[in-house]
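These figures come from a predicted structure and were not determined experimentally. Just so you know, ligand 1 is whichever comes first in the structure, and atom 1 is the first atom listed for that ligand.
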Amino acid sequence: MAQATPTHGRVAAWLANHTDTPANRAVALAVGADVVGFGGGQPAAELYPLEALERAFSRAILEDGVKVLPYGASEGLPALREIVAERLGRRGIHIGADNVLITTGSMQGLHLVGRVLLDHGDTIVTEAPTFMGALGSWEHQQPRYLSIPVDDHGMVVDRLEDELRRAERPPKFVYLLPTFQNPSGVSLSLERRKHLLELADEHDLIIVEDDPYGEFWFDEGSEPVPPLRSLPGADERVIYLGTFSKILAPGMRLAYAVATPRLLNLLVRAKRGLDFHTDTLGQQGVVRLVRDGDFDFEAHVAAGRNAYRKRRDAMLDALETTFANDISWTRPAGGFFLWVDLPAGVSGDEVAKAALAEGVMVFAGGMFYPNGDGASIRFG
Ligand SMILES: Cc1ncc(COP(=O)(O)O)c(C=O)c1O
């Protein structure tokens, strides 16, 4: 039988202080809901490479089990760190395996960044709107948020420049999703990326580049603007977060953080105190999947690009046909998300509620704003 929680006294007062956030409720709701889910960042289930995973994991257990199943290094398996470094090299991020920490999802990367960088009450710069899951990872440090609006070319970096000039205390870091942003689908222009790096130098800031969707560009032959981490001057400034969640399967909880060895060492220490290391069987399964030669990993990623392009096109067509003159929306060149601006007076919460009643989940825009605001909905 469930135990009742205390209703008075010290524990009750402490519990009352920990109220839930709308974003947390939305994430909990989105997982496993029996609806047409446009809310969360779930990859297309038909893309999970089940048979290849079965072969790779079977070999990982039977042939490598004795080697990989004992406690392992907190940094992650060297072979997987090498694979990550090699794949990032193709996107212009030239690093060694010693710059890579394997994490239990990028969510953990975000959490570790907060543990290492944040002091109580520090300020974080975010985009507005931003990925609300990140805000949950920093909840315990109770940061302040300086939120900078996003337009069709990503974060309005000029606005950040003005805010930084005015700030009494510099923020600790800038968190952003420069490529196919969650939730808006827009990307930061190259010019703004460079400007942001200049500002980071001038104001001595760290940048946290969260990039789960950067490999899903839709226009053949035109890769997105290069990751921030690949630009000159970024090595010392940018912590880069990437994940296997969207290109393989999120339930595997396999992701990575890239940082200078000194920063990485701090992240590793924080991780050691958290879960010691990421599941080594999962790591070795992916090593086998990429290296064994009976599965074309890069063709799999390309198939994802095709599948998500079709989904984007279907959504754009449906919006065009249904709402052409009433609302406006973004036209993402990649990634999972699209942002709809509703007319004045129409509430995103009401639209989301009405959609849910019809078995369709979309998220109201308000929860993507760290300091409130926003009357839009997101289709993921
Ligand atoms: C922007 C962003 N960052 C991080 C994550 C979490 O990724 P992971 O599954 O690697 O924890 C997501 C998942 O939706 C995301 O959209």
Side-chain angles (χ1 to χ4, degrees), residues 23-24 26-33 37-45 47-48 76 80 84 87-88 100-114 124 126-139 147 150 154-155 173-188 207-216 224 227-229 238-258 267 271 274-275 278-279 282-283 286 304 308 332 334-339 361-363 365 367-370 378-380:
N24 191 48
V27 174
L29 203 68
V31 174
F38 290 120
Q42 289 280 14
L47 291 173
Y48 297 147
L80 187 60
V84 168
R87 293 194 78 249
L88 287 177
V100 178
L101 164 65
I102 303 297
T103 59
T104 305
S106 268
M107 287 306 301
Q108 186 179 65
L110 291 166
H111 179 88
L112 295 175
V113 162
I124 301 174
T126 68
E127 296 156 297
T130 186
F131 169 54
M132 81 287 209
L135 310 183
S137 2
W138 304 317
E139 209 175 292
S147 41
V150 165
M155 178 190 270
F173 61 84
V174 179
Y175 168 68
L176 83 169
L177 295 106
T179 311
F180 314 137
Q181 204 231 17
N182 177 359
S184 69
V186 303
S187 291
L188 190 69
I207 296 174
V208 180
E209 176 177 25
D210 192 3
D211 189 27
Y213 306 103
E215 293 196 67
F216 295 119
L228 263 173
R229 180 60 176 74
V238 179
I239 298 177
Y240 177 92
L241 302 177
T243 182
F244 288 101
S245 282
K246 314 296 173 174
I247 57 178
L248 281 179
M252 295 172 70
R253 312 306 301 127
L254 271 182
Y256 42 92
V258 171
L267 297 172
K271 181 173 169 67
L274 199 60
D275 64 355
T278 295
D279 168 26
Q283 294 186 58
V286 174
Y308 295 120
F336 281 22
F337 304 104
L338 182 150
W339 182 267
M361 184 175 285
V362 293
F363 282 170
M367 75 179 76
F368 299 94
Y369 287 78
R378 180 189 75 167
F379 291 101

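Aromatic ring centroids of Phe337 and Tyr213 lie under 6.0 Å apart. In this structure, Phe336 has its ring center at least 6.0 angstrom away from the ring center of Phe180.
Taking Asp279 as the reference, nothing meets the salt bridge (Lys or Arg N to Asp or Glu O under 4.0 Å) condition, with sequence neighbours excluded. Residues that satisfy the salt bridge (Lys or Arg N to Asp or Glu O under 4.0 Å) test with Glu215, not counting sequence neighbours, are Arg87. Partners of Asp210 by salt bridge (Lys or Arg N to Asp or Glu O under 4.0 Å), not counting sequence neighbours: none found.
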Close N/O pairs between ligand 1 and protein, under 3.5 Å:
residue	atom	partner	partner atom	Å
ligand 1	3 (N)	Asp210	OD1	3.4
ligand 1	3 (N)	Asp210	OD2	2.6
ligand 1	9 (O)	Ser245	OG	2.6
ligand 1	9 (O)	Arg253	NH1	2.8
ligand 1	10 (O)	Ser106	N	2.6
ligand 1	10 (O)	Thr243	OG1	2.7
ligand 1	10 (O)	Ser245	OG	3.3
ligand 1	11 (O)	Ser106	N	2.9
ligand 1	11 (O)	Met107	N	3.0
ligand 1	11 (O)	Arg253	NH2	2.7
ligand 1	14 (O)	Tyr213	OH	3.3
ligand 1	14 (O)	Lys246	NZ	2.8
ligand 1	16 (O)	Asn182	ND2	2.8
ligand 1	16 (O)	Tyr213	OH	2.6

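Two residues are said to be in side-chain contact when any heavy atoms from C-beta on lie closer than 4.5 Å; Val150 and Pro129 meet this criterion.
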